[in-house]
Amino acid sequence: MKKLRLATLWLDGCSGCHMSLLDMDERLLDLTASIDFVYSPLVDVKTFPEAVDVTCIEGAVSSTEDERQLQTVRKRTGVLIALGDCAVTGNVPAMRNSCGVDQMLASVYCQREAINPQIPATGLPTLNNHALPLHHFVKVDLFIPGCPPAADNLFAALSAVIDGRAADLRLNTRFGA
Ligand code: SF4
């Protein structure tokens with residue numbers, strides 16, 4: 001049987017959702033019988049490949065680089081899964097939305113820093129005014145909420161995709177741009 005090509009992507013999140021992937025424990029071994037990890041922070045692949053069957057995305061969209069990556073992934077992915085509350089609602093990254101980028105940066109780098117307070121001149125992403133969930137930018141096929149999402153729910157969703165039951169789930173949950 002042809003293996004399903006699975007990718008995971010980490011946008012503006014804390015990596016906790018990827019920890020839930022690992023929390024599937026020995027069930028990961030079961031999944032590897034049906035799945036190839038073709039791109040992920042967990043594997044050493046630098047470029048997002050073509051023809052990916054399923055991509056799980058952790059984190060909100062907070063920068064122009066996040067937007068660029070998300071659009072590329074959407075074009076190259078069959079089933080796109082918003083993994084965790086940051087991807088589903090904005091959650092923690094969106095807590096800055098009410099104060100604006102400049103005030104948030106000043107708060108983080110200047111107001112709480114006793115030694116040499118300053119906003120770094122380089123190395124920061126170009127932040128959007130708001131951190132937003134994935135469906136504000138692209139169509140999302142499945143939503144797995146939770147902070148972090150339960151490993152059981154993640155395993156159930158991936159099993160459904162492998163078994164070809166994802167189309168039924170998508171009918172109920174597909175949403176977005
Ligand atoms: S949903 Fe929770 S665990 Fe996942 S990236 Fe956001 S803050 Fe972290």
Side-chain angles (χ1 to χ4, degrees), residues 6-28 31 35 37-46 48 52-74 76-77 79-101 103-105 107-109 112 123-162 166 169-170 172-177:
L6 175 72
T8 74
L9 184 71
W10 177 2
L11 296 179
D12 191 0
C14 73
S15 85
C17 293
H18 274 81
M19 293 302 108
S20 280
L21 270 170
L22 299 179
D23 276 346
M24 288 191 284
D25 298 326
E26 69 275 6
R27 288 174 293 182
L28 274 171
L31 289 177
I35 281 177
F37 270 90
V38 294
Y39 183 90
S40 172
L42 307 173
V43 300
D44 189 22
V45 177
K46 307 295 184 210
F48 195 89
V52 176
D53 296 308
V54 182
T55 300
C56 298
I57 303 184
E58 165 189 327
V61 179
S62 294
S63 67
T64 50
E65 175 59 15
D66 289 344
E67 277 189 66
R68 187 197 63 75
Q69 286 192 74
L70 179 59
Q71 295 294 352
T72 299
V73 167
R74 177 68 277 185
R76 298 180 183 179
T77 296
V79 176
L80 192 149
I81 298 177
L83 179 63
D85 284 351
C86 294
V88 173
T89 70
N91 196 32
V92 175
M95 290 171 73
R96 68 163 169 91
N97 288 353
S98 60
C99 71
V101 172
Q103 189 180 332
M104 183 271 291
L105 291 176
S107 172
V108 169
Y109 289 105
R112 295 159 203 261
L124 292 181
T126 305
L127 293 174
N128 295 343
N129 285 333
H130 297 100
L132 294 169
L134 308 186
H135 66 270
H136 278 249
F137 301 90
V138 297
K139 282 217 165 31
V140 173
D141 300 305
L142 292 173
F143 296 84
I144 305 180
C147 181
D152 287 349
N153 293 343
L154 185 49
F155 181 73
L158 290 177
S159 299
V161 172
I162 291 167
L169 297 174
R170 269 197 310 237
N172 294 324
T173 63
R174 193 176 175 110
F175 184 54

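These numbers come from the heavy atoms of this one structure, side chains and all, not from hydrogens, waters or symmetry mates. Both counts, for ligands and for their atoms, begin at 1 and track the order of listing.
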Atoms of ligand 1 close to Glu58 [distance to a heavy atom under 4.0 angstrom, numbered from 1]: 5 (S)
Hey, is CE on Met95 packed in by over 12 heavy atoms from elsewhere, all under 6.0 Å? no
Metal environment of atom 2 (Fe) of ligand 1, protein N/O/S under 2.8 Å: Cys147 SG
If you count every heavy atom of other residues, nucleotides or ligands that lies below 6.0 Å from Gln71 atom CD, does the total exceed 12? yes
Identify the two heavy atoms, one from Arg96 and one from Val101, that lie closest to each other, and give their separation to 0.1 Å. NH1-CG2, 3.7 Å
Out of the candidates Thr8, Leu6, Leu9, only one should pair with Ser40 under the side chain to side chain contact (heavy atoms under 4.5 Å, CB included) rule; please name it. Thr8
Under-4.0 Å heavy-atom contact with ligand 1, by part of Met19 that carries it: neither
Distance (rounded to the nearest 0.5 Å) between Leu134 CG and Glu58 CD: 10.5 Å
Measure up the Trp10 and His18 rings against each other and bin them: parallel (under 30°), tilted (30 to 60°), perpendicular (over 60°). tilted
Rounded to the nearest 0.5 Å, what separation is found between the CZ atom of Phe143 and the CG atom of Leu80? 9.0 Å
